[in-house]
2 protein chains.
Amino acid sequence: MMVRARASQAGYPSRNLHGQIVHAIGRQILRGDLRPGEPVPVQRDLPASRTALREAIKVLAAKGLVETRPKTGTRVRTREAWNLLDPDVLAWRQAGAPPRPFLRSLTEVRNIIEPAAAALAAKRARAADIAAIERAYRDMEAAMPTEAVADVTPFVEADTRFHAAILQAGGNDILEQMSRVVYAALRVSLEATSRIPGSARASLPRHRAVLDAIRARKPRRAAEAMQRLVHRIARKVDVIPRRVGRGNLRHVETKDTKSKRRNDSTVKPRPTSS
Amino acid sequence: MMVRARASQAGYPSRNLHGQIVHAIGRQILRGDLRPGEPVPVQRDLPASRTALREAIKVLAAKGLVETRPKTGTRVRTREAWNLLDPDVLAWRQAGAPPRPFLRSLTEVRNIIEPAAAALAAKRARAADIAAIERAYRDMEAAMPTEAVADVTPFVEADTRFHAAILQAGGNDILEQMSRVVYAALRVSLEATSRIPGSARASLPRHRAVLDAIRARKPRRAAEAMQRLVHRIARKVDVIPRRVGRGNLRHVETKDTKSKRRNDSTVKPRPTSS
DNA sequence: CGTCAGAAAATAGTATTATCATATGATACG
DNA sequence: CGTATCATATGATAATACTATTTTCTGACG
């Protein structure tokens, strides 16, 4: 019944030459290889024409990453100017660098906006909105990963859709956009948490509670239910094996995560009270 | 004391030719002149070279507004794909179209994230952060508009800085970025609310309460104080004079108003509880 | 005779090269 | 010490060839 919408084309297309350059330089900047002060390898290295470079630079400038001026050349802007909420920038950011503090930021944001969004949804959802939420919930039930079925992807997909539907039901498109961004980045970690045995099954009732509250049009109850759900996830984030990548997923920190404050790459120490 | 930072260059520079094209087309899209379905006036009208157009299109594509494909041409993407949190997109959005529902969305978001951010600030602010907040507060006191001094700009500037400093003190850069965006768009309306006689003076004690709570490191108190402050603003938003600009919004079409439907930017009616 | 597959054509963006203009930082000269 | 000049990197335009994708045409097969 739906058009499927060609997967909605998340980021900037890397199919073109200049698109590839965009992603290459973008990653370099976000990874820190190109420092906010000075250069951009605007020629030499790349085996491309000046125009291709130019277009790539324009795209990066549109995302606030670089700034071009005559004579001075193209320089990386200071971090404050970066458009951190841009889908591409977000993707580049989590592609490089230790993801831990970044993940913490994201979950923190979720903790803030999701309960409020659930309350809004309970107040304002239309029939179609509620139907969408319910559909996502049923898909979660159906896609529940078991010992036999290890593939968590469809479950994560439904999970994401569940939250997205709630955000959408709130009828505030700024908020919706924010969470869309957050979710795009969080998807990876969701897969991680869902992979933890029993985690998916345990989260279902909590999702159910949120759905019921919204359906019953009880804003406060919806917010509280969502808060429980999302707090639970927040706790899980600290348990995610770090870097599932090439073969060193050590399950460290079995003792107590609470005292292990190792703020991976934060610049200055901050009195984090947890 | 500070570097002043060259006004930080908010949006995409319009000084260049292609920059002007970017802003022109961007406004057209956000205003609704160019519908999400089809065309982009990729040639004809504009008295510019192909390359300039191309670069402008690339910038717009980077913000998710358009999509280019061979044969099909350059088309405006569906609203879901737009990067609504992009500073430029936000600016274009509020430049055209009735700002009312948009403003409501923004205030709603503020109501959600600011109290939480204040709590975070109370937990994690470093000495320098608190100093920045305090400085902004004192500047607000100093710039207080009176009957004699009608210029509210410096007050608004300090006000904005106050909130920005709190967000920054939270130590969550995603959150900080969100509010930076929100504030850029809200600045205009802040000027409006501040212009209401006595409003600025009345808001001072509430700001003070927030500052004190953060300084005392009382997260809950900070959140509550901020909530009171920001709720107050929310009420004011409904009082802002609507569109002081060039007065050509006539209600001429009295004949077929019901078919005109106009529905500002929302697609379907929603049970807004107002 | 109709339907489907594959080839060819048409089209719009993509890429390269070349040339000139303009702004700005640095340097040298008065 | 101020100003003029020069060098340089981006900005702008134009000409040209390539590439990918949609559409259409054609032909074969059922």
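Numbered from 1 within each chain, the chains take letters A, B, ... in sequence-line order.
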Original post:
Side chain of B:Trp82, backbone of B:Lys63: donor and acceptor closer than 3.5 Å?
Top reply: no
Describe the nucleic acid contact of A:Thr68 in one word from base, sugar-phosphate, nothing, applying a heavy-atom distance below 4.0 Å.
sugar-phosphate
Taking 4.0 Å as the cut-off, does a side-chain nitrogen or oxygen of B:Thr51 come that near to OP1 or OP2 on D:dA14?
no
A:Gln20 CD to C:dA15 C1', in whole Å, measures 13 Å
From CD1 of A:Ile57 across to P of C:dA15 the rounded distance in Å is 15 Å
Residues passing the side chain to side chain contact (heavy atoms under 4.5 Å, CB included) test with A:Arg110, sequence neighbours excluded, are A:Glu114, A:His163, A:Val182, A:Tyr183, A:Leu186, A:Val230, A:Ile233
| task | Indicate whether OP1 or OP2 belonging to C:dT14 is found under 4.0 Å from a side-chain N or O atom of A:His18. | result | no
Here the distance between atom P of D:dA15 and atom CZ of B:Arg54, to the nearest Å, is 17 Å
In whole angstroms, the gap separating P of C:dT16 from CG of A:Asn16 amounts to 11 Å
With side-chain contact (heavy atoms from CB on, under 4.5 Å) as the criterion, how do A:Ile174 and B:Leu106 come out once you've worked through the C-alpha distance, each side chain's angles and the decisive distance to 0.1 Å?
CA-CA 7 Å; A:Ile174 302 275; B:Leu106 277 177; 4.3 Å; yes
Between OH of A:Tyr12 and C1' of C:dG13 the distance, given in whole Å, is 11 Å
Original post:
Is it true that a side-chain atom of A:Trp92 and a backbone atom of A:Ile29 form a donor plus acceptor pair closer than 3.5 Å?
Top reply: no
**Prompt:** If only atom types and distance count, is the side chain of A:Asp173 paired as donor or acceptor with the main-chain N or O of A:Glu176 below 3.5 Å?
**Reply:** no
When rounded to whole Å, the CG to P distance for the pair A:Leu53 and C:dT16 reads 10 Å
For nucleotides 23-25 of chain C, list the nitrogen or oxygen atoms of the protein found under 3.5 Å from its nitrogen or oxygen atoms, one pair per line.
unit_1	atom_1	unit_2	atom_2	d
C:dG25	OP1	A:Arg69	NH2	2.9

Review point. Is the shortest side-chain N to carboxylate O distance from A:Arg27 to A:Asp88 below 4.0 Å?
Key: no
Whole-Å distance, B:Glu55 CD to C:dA15 C1', equals 13 Å
